Structure formats: C-alpha cells, structure tokens
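Read through the structure below, which is laid out as structure tokens, and then see the notes.
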Amino acid sequence: MTSETVSGFCDPRFAEVREEFERNFAERGELGAGVALYVDGTPVVDLWGGVVAPAGAPWERDTLTVVFSSTKGMAAAAMHVLIDRGVIDVEAPVARYWPEFAAHGKAGITVGMVMAHQAGLPVWTEPLPEGALLDWDLAAGALARQATLWEPGTAHGYHGLTLGFLEGEIVRRADGRSIGTVLREEIAGPLGADVWIGLPEAEEARVAEVILMDSFAPNSAMGRKLLAEPDWIGQRMLDNAGGFVTPARINSRAAHAAEVPAVGGVANARGLARLYAPLSLDGAIDGVRLVRPGALAGMRTTRAASAVDLMLRLPTTFTLGFSKTWGARALGPGEHVILGEHAFGTPGMGGSLGFADGEARLSFGYVMNRHGGGVGLNDRGQSLVDAAYRALGYRSCEPGAWVR
C-alpha cells in the first residue's frame with residue numbers, strides 16, 4: 001500500500017505514525033485498519049486504509065470492526081461513570097447488587113476484585129451450549145452458580161471472557177440498564193464516539209469482516225504454552241465459550257447485536273481515541289464530563305500485578321477494569337503491551353488497542369480486521385504506539401514503559 005491509498009489526516013509532528021501505518025500494509029501483512037490519536041483533546045491523527053475483507057470493498061472513514069478485548073476498556077469506562085456517581089461502590093461485595101452471586105463461598109468478592117481480574121472466575125466451569133454468550137441470563141447465571149478457582153483477592157488471572165458478564169450484571173442490578181446502554185447513553189452518545197456494545201442493525205453494513213488467527217497453532221504464543229503445559233487452563237477460555245470465538249460466530253449479525261462486554265464490542269479507531277480523550281485530560285472534553293478529576297486515579301492506579309498471570313502465564317498489570325504496560329518485548333509479538341508508565345487502556349486479541357495517558361495528554365485507538373497472534377500487541381500496533389510516543393518527546397522504553 002502506498003501513501004496515496006491511505007486516507008485521512010496526520011499532523012506533521014506525527015509523520016512517523018503515518019509512516020509506520022503505511023509500513024504495516026507494505027511489510028507487516030495489514031489487511032484493513034485505522035489509527036487515531038488525540039493530544040491535548042485535539043485530533044492529530046486519523047488514518048485508515050486497506051479493505052474490509054479479502055478481495056472486499058475499501059476500508060472507509062466510518063468502517064467498524066469487532067475489537068475483542070479492547071471492549072473491556074469501553075465497559076470499564078461505563079463502570080467508572082457509575083462508580084463516580086455513587087451508583088456502584090468498588091469496595092462493596094458483588095452480592096450487595098447481585099444476591100445470587102454469593103453462592104459457593106463468593107459472598108466476600110468485591111466489585112474491585114472483579115474489575116482487577118482477582119475474583120477467581122476466569123472461565124466457566126460448567127460446559128456451555130452452543131451460542132451461550134448470546135444468552136445473557138445463561139452466561140451470567142452460570143457464573144453466579146460456580147465456585148472460584150482460587151481464593152479471591154490473593155492472586156489474579158485474566159478473566160478474558162467472563163469479565164464482561166460479571167461487570168455487566170453488576171451494572172444491570174445496580175443501575176437497571178445494560179452496560180451497553182450505559183456506554184451509549186452516558187459516554188458514546190454525548191462524546192460522539194463510534195463505539196458499541198450491542199450494535200444496532202442500522203449500523204451493521206459498516207462492519208468489516210474479522211480474519212481470525214489460529215490461536216492455538218503450534219507456532220503461536222498460546223500454542224507454545226499449550227505444548228509446554230497440556231493442561232493449561234487458558235485453553236478453556238476459548239474452548240468453553242459456546243463457539244463465540246469462531247469466524248462464523250464473530251462475524252454474525254447476532255454476535256454484533258449481542259452485549260458481550262469483554263470481547264464483543266464494535267468500534268473504529270477514531271471512536272476509541274475519542275472515548276479515551278477525556279480520560280487523558282481531567283475527565284472532560286468539549287463540554288462533556290464523563291467523570292470528576294479524582295475518579296481518574298482508580299483508572300490508572302495498579303490494583304493487581306504479577307510476573308505470572310495465573311491464566312496467561314505472562315507478566316500482567318491491571319487497574320480497576322483497565323490494563324497498564326505489561327509483558328516485555330523479549331517475549332515476542334502478542335506477549336506485551338508497551339505504553340507510557342502513566343497510561344491505561346485495554347488491548348484486544350489480534351492486536352487492537354485503546355488507551356489514555358494523562359502525562360502525555362494522549363489518547364489512542366487502533367483497530368484492524370486481520371489478527372496477529374497473542375492477546376497483546378503485535379508489531380503492527382506496537383510500532384504505531386512507539387511512533388506516537390517518540391513524536392511526543394519520549395526517549396526510552398527500556399524500563400518496560402515509555403519515559404521521557
């Protein structure tokens with residue numbers, strides 16, 4: 001792909017971001033994608049290119065795609081709006097809002113433990129039927145009935161699929177609305193951010209086809225884990241998901257319409273960057289306040305960190321609902337997310353990303369339809385992040401995070 005076939009605009013200060021975006025198509029196998037940045041609340045990069053499917057139509061300005069775990073940041077933002085308003089207390093037991101959740105010794109699990117991947121409910125332990133994640137009551141009810149896999153609060157492990165149903169049911173019980181409705185009414189609508197948990201049918205024609213990678217192929221990051229540890233529990237995240245993470249399901253109208261708040265969100269890069277823009281400032285932008293300034297501490301402050309995540313077998317770091325910088329470049333593509341040390345957001349399986357950095361006053365969104373391996377960033381997304389930080393005067397990421 002040449003510069004003439006990448007559309008949009010790029011402030012000259014961020015020319016390296018455009019160069020890396022073009023390289024993604026020319027050298028790194030990008031199919032269709034978009035990248036967007038805000039600095040000081042102002043758009044400075046908004047680029048898109050490629051096609052919506054193999055031999056498909058061009059990727060347009062308003063093209064959307066499923067962003068997998070970048071959805072978690074959208075859901076977390078909705079949670080924090082309600083936390084800031086006093087509707088939800090992060091230190092309260094989940095059972096205060098959802099009494100059935102107390103079954104099998106779970107009465108002491110707090111909302112904060114859930115949001116920081118400490119609840120011990122990273123997978124469903126009862127077999128799920130086909131299409132289970134499209135049935136909210138079935139998926140949430142199964143989590144309420146099961147016991148934990150470790151003592152809550154003593155360790156953390158990535159709740160890759162279950163997190164959204166846990167957070168979403170807390171929201172539904174506490175507020176009366178679904179988490180997708182809160183996102184639409186309190187965040188996306190007021191901001192004009194093109195992000196969705198539960199896509200209306202009128203928007204369906206804009207959705208690009210997702211090209212999944214075989215996550216457990218022998219040469220993939222997760223495949224290598226499985227070879228080294230045949231009983232690795234991480235495999236159960238995808239194996240017992242009611243067939244949700246398959247090409248036929250994830251590209252279906254039913255999946256796009258459903259609220260699957262950990263992995264099923266639909267967005268474009270501009271929408272993610274717009275959502276995070278007020279969170280890179282003081283909680284407000286263009287007259288729209290999402291949260292009070294003090295609420296940002298809960299989003300960026302580490303709540304759980306370990307050199308070995310019990311699920312991913314990687315170093316991970318989580319705040320209340322968001323990820324921080326984690327992993328290391330030496331682990332390889334898909335095994336790390338290298339951001340600024342003050343940044344918070346969420347990567348998505350295959351390589352998408354949205355985040356805010358209050359020190360840099362930067363918000364960032366990147367989406368694509370051809371997946372890379374792992375649950376972190378591959379070379380396509382990481383190259384864009386690196387270029388953005390260099391443009392802002394950051395000089396080194398040797399500590400494991402970008403610093404000035």
Side-chain angles (χ1 to χ4, degrees), residues 68-69 71-72 75 93-111 113-174 178-180 197-198 212 215-216 222 225-226 229-250 252 254-255 257-265 309-313 318 321 349 375:
F68 285 80
S69 285
T71 311
K72 289 181 174 68
V94 173
R96 174 189 295 179
Y97 309 106
W98 182 5
E100 302 93 322
F101 184 82
H104 291 290
K106 300 197 299 297
I109 296 176
T110 65
V111 173
M113 290 178 191
V114 167
M115 295 180 73
H117 301 260
Q118 296 174 308
L121 298 165
V123 296
W124 284 271
T125 54
E126 65 180 69
L128 296 181
E130 187 72 15
L133 300 199
L134 306 184
D135 184 332
W136 184 274
D137 290 339
L138 187 159
L143 291 170
R145 290 191 297 272
Q146 75 183 50
T148 63
L149 298 186
W150 61 78
E151 182 180 349
T154 64
H156 81 269
Y158 191 52
H159 287 47
L161 295 169
T162 60
L163 181 67
F165 289 96
L166 294 168
E167 291 180 339
E169 189 65 8
I170 293 167
V171 167
R172 190 173 75 88
R173 299 295 184 105
S178 72
I179 198 166
I197 298 176
L212 291 173
S215 297
F216 295 108
M222 287 190 274
K225 289 182 177 65
L226 191 58
E229 188 180 349
D231 295 329
W232 177 48
I233 194 174
Q235 185 176 11
R236 290 165 62 185
M237 279 195 289
L238 299 183
D239 281 357
N240 189 31
F244 188 79
V245 189
T246 61
R249 182 73 71 188
I250 204 67
S252 70
E259 293 197 15
V260 186
V263 296
D309 181 296
L310 291 183
M311 291 297 293
L312 300 180
R313 300 292 195 258
F318 299 106
M349 185 179 80
V375 294

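The first residue in the sequence is number 1, and the count goes up from there. A quick note: this is a predicted structure, and the numbers were derived from the prediction, not measured.
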| task | Applying side chain to side chain contact (heavy atoms under 4.5 Å, CB included), run through Val111 and Ile170 and close with a yes or a no. | result | CA-CA 8 Å; Val111 173; Ile170 293 167; 4.3 Å; yes
Under a 4.5 Å cut-off applied to non-hydrogen side-chain atoms, are [X] and [Y] in contact?
| X | Y | answer |
| --- | --- | --- |
| Phe101 | Glu169 | no |
| Val114 | Leu163 | yes |
| Ile197 | Thr71 | yes |
| Phe244 | Leu128 | no |
| Phe318 | Asp309 | yes |
| Thr125 | Arg236 | yes |
| Pro129 | Leu138 | yes |
| Glu259 | Ile179 | yes |

| field | Residue among Lys106, Arg145, Arg173 satisfying side-chain hydrogen bond (donor to acceptor under 3.5 Å, both in side chains) with Glu100 | value | Arg173
Could you state the interatomic distance from [atom1] ([X]) to [atom2] ([Y]), rounded to the nearest 0.5 Å?
| X | Y | atom1 | atom2 | value |
| --- | --- | --- | --- | --- |
| Ile250 | Met349 | CD1 | CE | 7.5 Å |
| Met113 | Leu121 | CE | CG | 11.5 Å |
| Thr154 | Gln118 | OG1 | CD | 8.5 Å |

| said: Between His117 and Leu310, does the side chain to side chain contact (heavy atoms under 4.5 Å, CB included) criterion hold? Intermediate values first, please. | reply: CA-CA 10 Å; His117 301 260; Leu310 291 183; over 6 Å; no
| query | Quick one: does Ser69's side chain have a donor or acceptor within less than 3.5 Å of a partner on Lys72's backbone? | reply | no
| Does His104 use its side chain to pair, donor to acceptor, with the backbone of Thr148 at less than 3.5 Å? | no
Nearest heavy-atom neighbours spanning [X] and [Y]:
| X | Y | result |
| --- | --- | --- |
| Gly164 | Pro261 | O-CG, 3.5 Å |
| Ala95 | Ala102 | CB-CB, 3.9 Å |
| Gly160 | Ala262 | O-CB, 3.4 Å |
| Pro152 | Ala119 | CG-O, 3.6 Å |
| Gly120 | Pro122 | C-CD, 3.2 Å |
| Tyr158 | Met311 | O-CG, 3.4 Å |

| Residues Arg249, Glu130: salt bridge by 4.0 Å N-O rule | yes
| Hey, what's the ring geometry for Trp124 with Phe165, parallel, tilted or perpendicular (30° and 60° as the breaks)? | perpendicular
| Criterion side chain to side chain contact (heavy atoms under 4.5 Å, CB included) on Leu312 and Met237, from CA distance to verdict | CA-CA 10 Å; Leu312 300 180; Met237 279 195 289; 4.0 Å; yes
| message | As a quick check of understanding, evaluate side chain to side chain contact (heavy atoms under 4.5 Å, CB included) for Val123 and Asn240, giving each step before the final call. | response | CA-CA 8 Å; Val123 296; Asn240 189 31; over 6 Å; no
